[in-house]
Amino acid sequence: MIPAPFDYITPHTLDEAFRALASHGEDAKILAGGHSLLPMMKLRLANPKLLIDLSKISGLSGIRQDGDQITIGALTTHYQIESSELLKEKCPLLPQTARAIGDVQVRNRGTIGGSLAHADPAADMPAAMLALGAELRARGPEGERWLKAEDFFLGLMTTALSPAEILTEIRVPVSSGSFGTAYLKVPQKASGFAIVGVAVWLKVEGEVCTEIGVGVTGLDAKPFRARRVEERVQGRKLAPGLIEEASSHASQGAEPLGDIHASGEFRAHLARLYTARAIQEAAKIAGVSLTKGR
Ligand SMILES: Cc1cc2nc3c(=O)[nH]c(=O)nc-3n(C[C@H](O)[C@H](O)[C@H](O)COP(=O)(O)OP(=O)(O)OC[C@H]3O[C@@H](n4cnc5c(N)ncnc54)[C@H](O)[C@@H]3O)c2cc1C
């Protein structure tokens, strides 16, 4: 449980960090909260020669509203998200999701940027990012680009970030009108990671769902947006029969993972069940009284 020897630097600017990344290539790794990277180093699954700690670079953490968007710095911890009054009011899906992560120590150290860049298939935050249609800002020596959450996660622990880039912030829309959100998961007992987790954001007019985002994690090697479920619900009156039918499409297109914690078949079953429950919970929060029928 002792990592291989490594060097450690604390740049004060992004440019310094970019230079260090460029000069060390694949031997360098960004360090944020360290709660995924350090366990991997201790298990010798990652052996970087240089750690570039972002903690001394100002402007990379914090939560602020810019018009109809909320911007969250990549170094913002899960605890800061969980306890943010701004987010509780304007984007409650994020505090709901952050609360479900690990335990208090993990939430105090782990960062949103680290969680997204690491792209663990069982991480919670990616599901919320997908449901909200979040945008992620990647900066590198050549400039910057904004990536949609749906284009960011490419596969098992693989994202669209290039090795030269750093994820610096995340942008989510302010929720307004009659909306509801829910994040529900079946946690793996020891770590709390999601065996399956489903995030839902929806908006209603009366009992009709006018907009919906559904993000699923834990089921496949990469988190995904359950587009087929969204299509079945959007524009229709929310009712238990409709929600149940729509949720049966939750794993459509996915390749369910199987491991010692759950078979692929069981994960697919959980995805259907938790998609239905999360939509129901979000609908109730939005003020829809779910009466029987379709
Ligand atoms: C006991 C335990 C339980 C946990 N339970 C859960 C859980 O239930 N749900 C859950 O979702 N997570 C869980 N986690 C993971 C936790 O949320 C981590 O904090 C998170 O996944 C990684 O964030 P970090 O800031 O610690 O990143 P680090 O460990 O510092 O970095 C992770 C990876 O991302 C890269 N990276 C970090 N920041 C950036 C950036 N800004 N730009 C580019 N690359 C970057 C690093 O180079 C590294 O490869 C758990 C962790 C532990 C130790």
Side-chain angles (χ1 to χ4, degrees), residues 1 3 6 8-11 14 17-18 20-21 24-43 45-57 59-61 72-82 94 96-129 136-140 144-145 147 152-153 156-170 183-197 199 215 217-218 223 261:
M1 295 298 276
F6 59 88
Y8 168 85
I9 59 167
T10 54
L14 276 173
F18 296 143
L21 274 176
H24 288 79
E26 292 195 347
D27 286 337
K29 271 279 184 198
I30 295 293
L31 177 70
H35 266 47
S36 290
L37 182 55
L38 294 187
M40 288 187 71
M41 289 170 63
K42 288 182 174 183
L43 293 168
L45 294 171
N47 295 301
K49 304 263 185 313
L50 174 70
L51 287 189
I52 305 170
D53 184 344
L54 298 182
S55 63
K56 297 282 186 287
I57 302 177
L60 288 185
S61 90
I72 303 164
L75 283 192
T76 307
T77 63
H78 303 312
Y79 175 72
Q80 287 170 317
I81 291 172
E82 175 188 3
L94 291 184
Q96 283 164 348
T97 307
R99 247 195 324 271
I101 294 175
D103 54 32
V104 74
Q105 285 164 303
V106 172
R107 298 199 291 276
N108 267 322
R109 291 292 308 176
T111 66
I112 185 167
S115 177
L116 301 178
H118 191 58
D120 189 303
D124 296 292
M125 269 303 164
M129 294 293 119
L136 287 69
R137 186 183 191 190
R139 293 174 68 181
E144 66 166 55
R145 59 193 179 124
L147 295 152
F152 185 78
F153 302 104
L156 187 80
M157 290 176 164
T158 310
T159 71
L161 282 179
S162 83
E165 287 177 316
I166 293 175
L167 175 61
T168 58
E169 60 191 26
I170 294 100
Y183 180 67
L184 298 181
K185 76 166 171 179
V186 181
Q188 200 264 87
K189 292 277 182 259
S191 68
F193 273 104
I195 289 178
V196 165
T217 189
H261 304 297

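What you see is a predicted model; the values in this text were computed from it and never measured. Indexing begins at 1, ligand by ligand and atom by atom, following the structure's order. Quick note: residue numbers are just sequence positions, from 1. FYI, side chains are in, hydrogens and waters are out, and symmetry mates aren't considered; it's all heavy atoms of this structure.
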N/O pairs closer than 3.5 Å, ligand 1 and protein:
residue	atom	partner	partner atom	Å
ligand 1	5 (N)	Ser191	O	3.2
ligand 1	8 (O)	Gly102	N	2.9
ligand 1	8 (O)	Lys185	NZ	3.4
ligand 1	8 (O)	Gly192	O	2.9
ligand 1	8 (O)	Phe193	N	3.2
ligand 1	9 (N)	Asp124	OD2	2.6
ligand 1	11 (O)	Asp124	N	2.9
ligand 1	11 (O)	Asp124	OD2	3.3
ligand 1	17 (O)	His78	NE2	3.0
ligand 1	21 (O)	Ser36	OG	2.9
ligand 1	23 (O)	Ser115	N	3.4
ligand 1	25 (O)	Gly33	N	2.8
ligand 1	25 (O)	Thr111	N	2.9
ligand 1	25 (O)	Thr111	OG1	2.6
ligand 1	26 (O)	Gly34	N	3.1
ligand 1	26 (O)	His35	N	2.7
ligand 1	29 (O)	Gly34	N	3.4
ligand 1	29 (O)	His35	N	3.2
ligand 1	29 (O)	Ser36	N	2.9
ligand 1	29 (O)	Leu37	N	2.7
ligand 1	30 (O)	Ala32	N	2.8
ligand 1	30 (O)	Gly33	N	3.3
ligand 1	30 (O)	Gly34	N	2.7
ligand 1	41 (N)	Leu167	O	2.8
ligand 1	42 (N)	Leu167	N	2.9
ligand 1	47 (O)	Ile30	N	3.4
ligand 1	47 (O)	Ile30	O	2.6
ligand 1	49 (O)	Lys29	NZ	3.4

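The main-chain N or O of Asp124 is never found under 3.5 Å from a side-chain atom of Lys185 such that the two would form a donor-acceptor pair. In this structure a side-chain-to-backbone donor-acceptor pair under 3.5 Å is present from Thr158 to Leu156.
Proximity of Lys29 to Leu51: side-chain heavy atoms (C-beta onward) are separated by under 4.5 Å at one or more points. At least one side-chain heavy atom of Ile166 sits under 4.5 Å from a side-chain heavy atom of Leu21.
The pair Arg99-Glu82 does not count as a salt bridge, with every side-chain nitrogen at least 4.0 angstrom from each carboxylate oxygen.
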For residues 30-42, dump all side-chain donor-acceptor pairs below 3.5 Å to protein atoms at least two apart in sequence or in another chain.
residue	atom	partner	partner atom	Å
His35	ND1	Gly33	O	3.4

